[in-house]
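Have a look at this one.
All values reported here derive from a predicted model rather than from experimental measurement. Numbers here are sequence positions counted from 1.
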Amino acid sequence: MRGWLKATIGVVVLFGVLVGADRIAVGVAEDEAAEQILKSGRMSRKPDVSIEGFPFLTQVVARKLDEVRISSDGLTVGEGKDQVALHAFKAELSGVEVSGNMSSATVDRGSGSGLITYADLSRLLPPASELVPNAGRLSLGAGTRLNLSYGGPGKVKASLGPFPVGDAAVHSRGNTVTVDGFKLSAMASLLAGVADQTIDPISFTLSELPAGLNLSSVTPQEEGFQLGFEGKDVKLIG
């Protein structure tokens, strides 16, 4: 009986040591992966990295991680020099094949999400003077841009200062987001001195998307555009 008890205690202690070593190793790997992702230029700031699955050390031997989760707030995306904040970015990456020193990593499949506020989205649009006919008649400052807000499912509303402009549908193709032409409201038409006027569709392409993923969807919500990301055979590091 005593022998069985000693053996059981020994197994439990050994298991605890192995689990502890495994958790220490995964913590070190997570920090190293975050540093390498930042250095690779796939993200504009160091992310939080969580390597899922247990045990971790057997995944290291196979050099393929079952699932990796990354997250960060305050990343930047945009079109050319016009960069804006991407908030609450989260991504799940599956089948992550890594080199022994974390100098390279490729992802079988990945998906993620993030948010751009309406205030930031306005900065990606041309000045109102280029969009709204006779916008100067509204006595707004030079360089004034459309104010955007939630317009209902799949739609966004626009205004110029206190003057409502109209609403329009939003969709994406590839990494390009398009806001269909705003049909000017009765008040905007009156103030601009035009009738039945529709603003041409407005498009912008998001570059340098995080983790090497591509834009898959754009959903207007109360606080801004919720972006969806997807990717296959993505190079995450290297």
Measuring from R123:CZ to T117:OG1, what's the distance to the nearest 0.5 Å?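 Reported value, rounded in 0.5 Å steps: 8.5 Å.
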
Which atom pair, heavy atoms only, marks the closest approach of A168 to D180?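 What the structure gives for the nearest pair is CB-O, 2.9 Å.
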
Quick one: are T106 and L236 in side-chain contact, heavy atoms under 4.5 Å?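 T106 does not reach L236 side chain to side chain.
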
Measuring from atom OG of S172 to atom CZ of F204, what distance do you get when rounded to the nearest 0.5 angstrom?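 These two atoms lie 10.0 Å from each other.
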
Are the side chain of S111 and the backbone N or O of E230 linked by a donor-acceptor pair below 3.5 Å?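 Here the side-chain-to-backbone pair does not exist.
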
Is a donor on one side and an acceptor on the other found under 3.5 Å between the side chain of R42 and the backbone of K235?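 A pair under 3.5 Å: yes.
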
Side-chain donor or acceptor of E30 paired with backbone N/O of I51 under 3.5 Å: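 Judged by distance alone, yes, a pair lies under 3.5 Å.
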
Quick check against the 3.5 Å criterion: does T76 have a side-chain atom that pairs as donor or acceptor with the backbone of Q83?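 Here the side-chain-to-backbone pair does not exist.
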
Would you say L86 and V84 make side-chain contact, with heavy atoms under 4.5 Å?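 Not touching, per the 4.5 Å side-chain cut-off.
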
For the residue pair A34 and K46, what are the closest heavy atoms and their distance?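 Heavy atoms of A34 and K46 come nearest at CB-CE, 3.7 Å.
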
Hey, could you give me the CG/CD1 distance between D48 and I70, rounded to the nearest 0.5 Å?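 Between D48 CG and I70 CD1, I get 10.0 Å after rounding to 0.5 Å.
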
Can you find a pair of side-chain heavy atoms, one from V156 and one from D167, that are under 4.5 Å apart?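 Result no, sub-4.5 Å side-chain heavy-atom pair not found.
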
Can you tell me how far the OG atom of S50 sits from the CD atom of E92, to the nearest 0.5 Å?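 Reported to 0.5 Å precision, the distance equals 10.0 Å.
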
Please give me the minimum heavy-atom distance between P47 and S72, naming the atom from each residue.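 Between these two residues, the closest heavy atoms are CA-CB, 4.2 Å.
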
Testing the basics here: between S40 and I37, what is the closest heavy-atom pair and its distance to 0.1 Å?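 Nearest pair, atom of S40 first, then I37: OG-O, 2.7 Å.
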
Does the ring center of Y118 lie less than 6.0 Å from the ring center of Y150?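 Ring centres of Y150 and Y118 not closer than 6.0 Å.
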
Which is it for L209 and L213 under the side-chain contact (heavy atoms from CB on, under 4.5 Å) test, yes or no, and what are the steps along the way? CA-CA 6 Å; L209 297 181; L213 300 174; 5.6 Å; no

Side chains of L124 and L206: closer than 4.5 Å at any heavy-atom pair?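 Yes. Closest side-chain heavy atoms under 4.5 Å.
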
Rounded to the nearest 0.5 Å, what separates atom CD1 in I237 from atom CD in E35?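 It comes to 10.5 Å.
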
One thing to verify: whether K64 and D108 come together as a salt bridge, which I'm taking to mean a side-chain N less than 4.0 angstrom from a carboxylate O.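 Result for this pair is yes, salt bridge flagged.
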
Quick check: closest heavy atoms across P201 and T178, and the distance to 0.1 Å?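 Heavy atoms of P201 and T178 come nearest at CB-CG2, 4.2 Å.
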
Could you report the tightest heavy-atom contact between M43 and A211, atom names first, then the distance?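 Where M43 meets A211 most closely, the heavy atoms are CG-N, 3.7 Å.
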
Just grab all the ring-ring contact (aromatic ring centres under 6.0 Å, His included) pairs involving residues 73-94, residues at least two apart or on different chains.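 Those involving residues 73-94 are F89-F229.
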
